[in-house]
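The analysis underlying the following values was restricted to heavy atoms, covering all of them including side chains, and did not include hydrogens, waters or symmetry mates. Below, chains carry the letters A, B, ... as their sequence lines are ordered, and counting in each starts from 1.
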2 protein chains.
Amino acid sequence: MTSFLKQHINKHISISDTELEEFCNLFQHEIIKKKSFLLRDGDVCRFEGFVTKGLFRVYHIDKNGAEQILYFAMENWWITDIDSFTNERPSQLFIEALEDSEVLLISKKDKEFAYTNLPAIEKLFRVMTQKTHVALQRRMIDNLSKTADQRYLDFIEKYPQLHQRLSNLQIAAYLGISHEFLSKIRNKIASKR
Amino acid sequence: MTSFLKQHINKHISISDTELEEFCNLFQHEIIKKKSFLLRDGDVCRFEGFVTKGLFRVYHIDKNGAEQILYFAMENWWITDIDSFTNERPSQLFIEALEDSEVLLISKKDKEFAYTNLPAIEKLFRVMTQKTHVALQRRMIDNLSKTADQRYLDFIEKYPQLHQRLSNLQIAAYLGISHEFLSKIRNKIASKR
DNA sequence: TTCATTTATTGAACTTGTTCAATTTTTTTA
DNA sequence: TAAAAAAATTGAACAAGTTCAATAAATGAA
């Protein structure tokens, strides 16, 4: 059940087998049906999750009702609202399964336990947070400097597998454009070939 | 010299005085004149810095020559290119002093030393990285959902002190708009009062 | 298989933001 | 304190992206 998680951790840090085993035992396996929610706006996020199957989107709904997708998470990606989880405050995000999915979840209490008793784990999460932070910085710069056409091309080049599994509605919400405009971009690109 | 740094650390984690002292001794004090650079595009970022005086901007220049500001750092803020520093690869960023400034710098080697020998420090940087990550997520959502007018109003409300110390050129590069357009926004806001 | 729902496409009118160029204002430096 | 440099403003023409509405295509559920 936790073999993907073990592989993933071994890729990022060095850790003894017993420590790894002990850490993975803190997770609970859950099956999440397509279109159901792991987290809703207003709830406190009580978990940090590792996706073993399927695909999720983490998004915000603004006061006009428009959705902005913060990120997607497919197999071997982590999902949580780090702000809500860490500070135990109500989330402003939704986490929804876009496909029938499976996740391994750890509670805050168990994660704190790991931090104090399994020294390698503090490092794991420092490294992971750093990586996602660097990726987000990159995305921020791209959003500030690049046109929607270019951001779309970058997206399908960077995440070819993910792109195949997403509707254009989802991709548009990630890129920060209307889906109509994305459709026009796709049309323009296709006619250039 | 390191008293601001000590205060800052004590605000975020609990640490013994001897550990704190030992950690702070790893830093080197530097004076950076206005308009000079701590880091340039292409260099490997060899430091992580804590600003004790002055103001910096961390920015990217895209292939059209336009500047995008990733963040500002004034007193009690950290500055580095976390990607370049961690992975020892050439940076794509510039770090420039916008005022006569002073920083405390720690090298990668000394930071690694701290990570292995001063357990509280691993936590400090995990917490700090998490905080900046949450702030960047917030900014990403705002950039995806809000109009430039609103982002400008948010900026001056969120960072009133910083706003006073920055030119509109800098603020526009942070908001991701042209400075001419920012000028028009300011005009519109002023005439509404 | 069929019907209902969701997703994608297209066009027209509109809004937001850019670019370029000229001018004024402010700040810096000699 | 004058001259030079940098920052801010303004207008006009343009480009990027949105909104709304109508239609077509694809997907899902019974």
Side-chain angles (χ1 to χ4, degrees), chain A residues 33-36 54-55 57 59 61-69 72 96-100 142-156 162-193, chain B residues 33-36 54-55 57 59 61-69 72 96-100 142-156 162-193:
Chain A
K33 273 254 172 89
K34 179 172 176 169
K35 291 193 184 175
S36 56
L55 175 59
R57 64 175 181 145
Y59 66 102
I61 298 186
D62 68 26
K63 56 176 194 280
N64 304 318
E67 296 177 359
Q68 296 86 40
I69 295 183
F72 299 104
E96 183 193 0
L98 292 174
E99 300 174 0
D100 290 340
D142 286 353
N143 265 273
L144 292 175
S145 62
K146 291 181 178 170
T147 173
D149 301 42
Q150 196 52 57
R151 267 149 47 214
Y152 176 64
L153 290 170
D154 288 358
F155 182 80
I156 58 183
L162 190 53
H163 161 246
Q164 311 251 18
R165 293 162 76 175
L166 292 170
S167 71
N168 291 331
L169 287 165
Q170 304 304 337
I171 297 175
Y174 180 86
L175 297 176
I177 59 177
S178 67
H179 69 278
E180 294 96 331
F181 190 55
L182 177 55
S183 178
K184 284 160 197 170
I185 289 173
R186 285 161 51 80
N187 189 312
K188 200 175 71 182
I189 291 169
S191 71
K192 270 191 187 160
R193 296 257 160 87
Chain B
K33 273 255 172 88
K34 180 172 175 167
K35 290 191 183 177
S36 55
L55 175 60
R57 65 174 179 144
Y59 66 102
I61 297 186
D62 68 27
K63 56 177 194 278
N64 303 319
E67 296 178 0
Q68 296 87 38
I69 294 183
F72 299 104
E96 182 193 1
L98 293 174
E99 299 174 0
D100 290 340
D142 286 354
N143 265 274
L144 292 175
S145 61
K146 291 181 179 172
T147 173
D149 300 43
Q150 196 53 57
R151 268 151 44 217
Y152 176 64
L153 289 171
D154 288 358
F155 182 80
I156 58 182
L162 190 55
H163 163 245
Q164 310 250 17
R165 291 161 76 173
L166 293 169
S167 71
N168 291 332
L169 288 164
Q170 305 304 338
I171 296 174
Y174 179 87
L175 297 176
I177 58 177
S178 67
H179 70 278
E180 295 95 331
F181 189 55
L182 177 55
S183 179
K184 285 160 197 170
I185 288 172
R186 286 162 50 79
N187 189 312
K188 199 175 74 182
I189 291 168
S191 69
K192 270 190 186 162
R193 296 259 158 87

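- The line from CG of A:Asp149 to NZ of A:Lys188 is 3.5 Å long, rounded to the nearest 0.5 Å.
- Closest approach of B:Ser145 to A:Asp62, counting heavy atoms only: CB-OD2, 3.4 Å.
- For B:Arg186, the side-chain contact (heavy atoms from CB on, under 4.5 Å) criterion is met by B:Tyr152, B:Asn168, B:Leu182, not counting sequence neighbours.
- In this structure, B:Leu175 CG and B:Asn143 CG are separated by 8.0 Å, a value rounded to the nearest 0.5 Å.
- Distance B:Asn187 CG to C:dT23 C1': 15 Å, rounded to the nearest Å.
- Whole-Å rounding puts the A:Leu98 CG to C:dT6 P distance at 15 Å.
- Among all heavy-atom pairs drawn from A:His163 and A:Ile171, the shortest one is CD2-CD1, 3.6 Å.
- Taking the ring-ring contact (aromatic ring centres under 6.0 Å, His included) definition, one finds that A:Phe155 meets it with A:Tyr159, A:Tyr174, sequence neighbours left out.
- Across all strands, B:Ser167 comes closer than 4.0 Å only to sugar-phosphate atoms, never to a base (heavy-atom distances).
- To the nearest 0.5 Å, the span separating NZ on B:Lys35 from CD on B:Glu99 amounts to 12.5 Å.
- Between the CG atom of B:Asn64 and the P atom of C:dT18 there is a distance of 13 Å, rounded to whole Å.
- In this view, A:Glu180 satisfies the side chain to side chain donor-acceptor pair (under 3.5 Å) rule with no residue, not counting sequence neighbours.
- For the pair A:Leu169 CG and D:dA26 C1', the interatomic distance rounds to 12 Å; values are reported in whole Å.
- In this structure, B:Ile189 atom CD1 and C:dT16 atom P are separated by 13 Å, rounded to whole Å.
- Phosphate proximity of C:dA8 to A:Asn168: present, with a side-chain N or O under 4.0 Å from OP1 or OP2.
- Annotation: salt bridge (charged side-chain N to carboxylate O under 4.0 Å, His left out) contacts of A:Asp142 (sequence neighbours excluded): A:Arg138, A:Lys146.
- In terms of phosphate contacts, B:Arg186 brings no side-chain nitrogen or oxygen within less than 4.0 Å of OP1 or OP2 of D:dA8.
- Spacing between atom CG of B:Leu175 and atom C1' of C:dT18 amounts to 15 Å, rounded to whole angstrom units.
- Atom NZ in A:Lys188 sits about 15 Å away from atom P in C:dG11, given to the nearest Å.
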Summarise how protein sits on nucleotides 16-23 of chain D as a single string, 5' to 3': B when a protein heavy atom is under 4.0 Å from the base, S for sugar-phosphate-only contact, - for no contact. -BBBB---
Can you name the atoms? Protein N/O to nucleotides 26-30 of chain C N/O, anything below 3.5 Å, with the distance.
{"residue": "C:dT28", "atom": "OP1", "partner": "B:Lys34", "partner atom": "NZ", "Å": "3.2"}

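- In this structure, the OH atom of B:Tyr152 is 17 Å from the C1' atom of C:dG17, given to the nearest Å.
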